[in-house]
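In what follows, a single structure is set out as structure tokens and then discussed.
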Amino acid sequence: SWGKDGSAFPAADNRNRWTTGTGRIWDWSLLASDLGDPGPDATPATADDLPVALDIRALPTGDDTLEHKWTGTAADQAACTAAFPGSVYIATNDCRTTHLINAVEIAGDVDGDGNMIGNDNSLCESGEDCLFTPNMASYQGHGTLVSAGAFTDGTITGVVLWRYDTNGY
């Protein structure tokens, strides 16, 4: 991400939006050797301890889901579909989308015939190609997308999961 330059991170002069002066690109990539940070006193655990952030989430199955409630004015299923493609009408002003945890829809992808895959709402739903997100925070790997492994259908079906071929520097 772009941000303010300053002293060695973390420092107060690194904070806030960069509007003037010298900026820099902040690289939030995780190290392949990430073991967390047990802090100065490994036992017992204290507030300054940091957990491992790299490769900690399991590949989801079709039953590893969350439900997202959309807010808006939807009087019926047609209104939910128009406003929030893929959602289900529950009640007035209540449209919901069931999606996978630890995965995000790959936006702008197309099949071999040039047809859009999914609805590009960032939620990983049935029949979509999705990026498996194994890490805490924004860094999810880098390099080429490769298969994340076989997907087991459940509430969500027909998903193709991808991951980056390199996870951590």
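The first residue of the sequence shown is numbered 1, and numbering continues consecutively from there. None of these values were measured; they are calculated from a predicted model.
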Problem set entry | Asn102-Thr133 side chain donor-acceptor pair, cut-off 3.5 Å | no
Problem set entry | Close side-chain approach of Ile156 to Thr98, heavy-atom, < 4.5 Å | yes
Exercise. Does the side chain of Lys69 reach to within under 4.5 Å of the side chain of Cys95, using non-hydrogen atoms?
Worked result: no
Nearest 0.5 Å please: distance from the [atom1] atom of [X] over to the [atom2] atom of [Y].
X: Leu100; Y: Leu161; atom1: CG; atom2: CG; result: 6.5 Å
X: Ser87; Y: Asn121; atom1: OG; atom2: CG; result: 9.0 Å
X: Leu131; Y: Arg163; atom1: CG; atom2: CZ; result: 10.5 Å

For this session: Would you list the pairs meeting ring-ring contact (aromatic ring centres under 6.0 Å, His included) in which at least one residue belongs to residues 145-169, sequence neighbours left out?
Result: His142-Tyr169
So which heavy atom on [X] is nearest to which on [Y], and how close?
X: Thr166; Y: Tyr139; result: O-OH, 3.9 Å
X: Thr155; Y: Ser126; result: O-OG, 4.1 Å
X: Asn119; Y: Glu105; result: N-OE2, 3.1 Å
X: Asp109; Y: Ile106; result: OD1-O, 2.7 Å

Exercise. In chain order, what residues pass the side-chain contact (heavy atoms from CB on, under 4.5 Å) check against Thr81, with sequence neighbours excluded?
Worked result: Gln77
Exercise. Can you name the residues that form a side-chain contact (heavy atoms from CB on, under 4.5 Å) with Thr92, not counting sequence neighbours?
Worked result: Tyr89
Exercise. Quick one: do Val104 and Leu145 end up in the same hydrophobic cluster if we chain Ile, Leu, Val, Met, Phe, Trp and Tyr together by side-chain heavy atoms under 4.5 Å apart?
Worked result: yes
Side chain to side chain donor-acceptor pair (under 3.5 Å) partners for [X], two or more places apart:
X: Thr97; result: Trp70
X: Asn135; result: Asn167
X: Ser147; result: none
X: Thr22; result: none

For this session: Can you tell me which residue pairs pass the salt bridge (charged side-chain N to carboxylate O under 4.0 Å, His left out) test with a partner in residues 113-126, sequence neighbours excluded?
Result: none
Exercise. What salt bridge (charged side-chain N to carboxylate O under 4.0 Å, His left out) pairs are there with at least one residue in residues 14-32, not counting sequence neighbours?
Worked result: Asp5-Arg24
Exercise. Under the salt bridge (charged side-chain N to carboxylate O under 4.0 Å, His left out) test, which residues partner Asp94, sequence neighbours left out?
Worked result: Arg96
If we ignore hydrogens and angles and just use 3.5 Å, is the side chain of [X] paired with the main-chain N or O of [Y] as donor and acceptor?
X: Asn93; Y: Ala75; result: no
X: Asp13; Y: Ser7; result: yes
X: Asp64; Y: Ile101; result: no

Exercise. Which pairs pass disulfide bond (SG atoms under 2.5 Å apart) with one or both residues in residues 106-169, sequence neighbours excluded?
Worked result: Cys124-Cys130
Problem set entry | Summary of disulfide bond (SG atoms under 2.5 Å apart) pairs that have at least one residue in residues 138-169, sequence neighbours excluded | none
For this session: Give the intermediate values and the outcome of side-chain contact (heavy atoms from CB on, under 4.5 Å) for residues His68 and Leu123.
Result: CA-CA 9 Å; His68 181 81; Leu123 301 175; 4.1 Å; yes
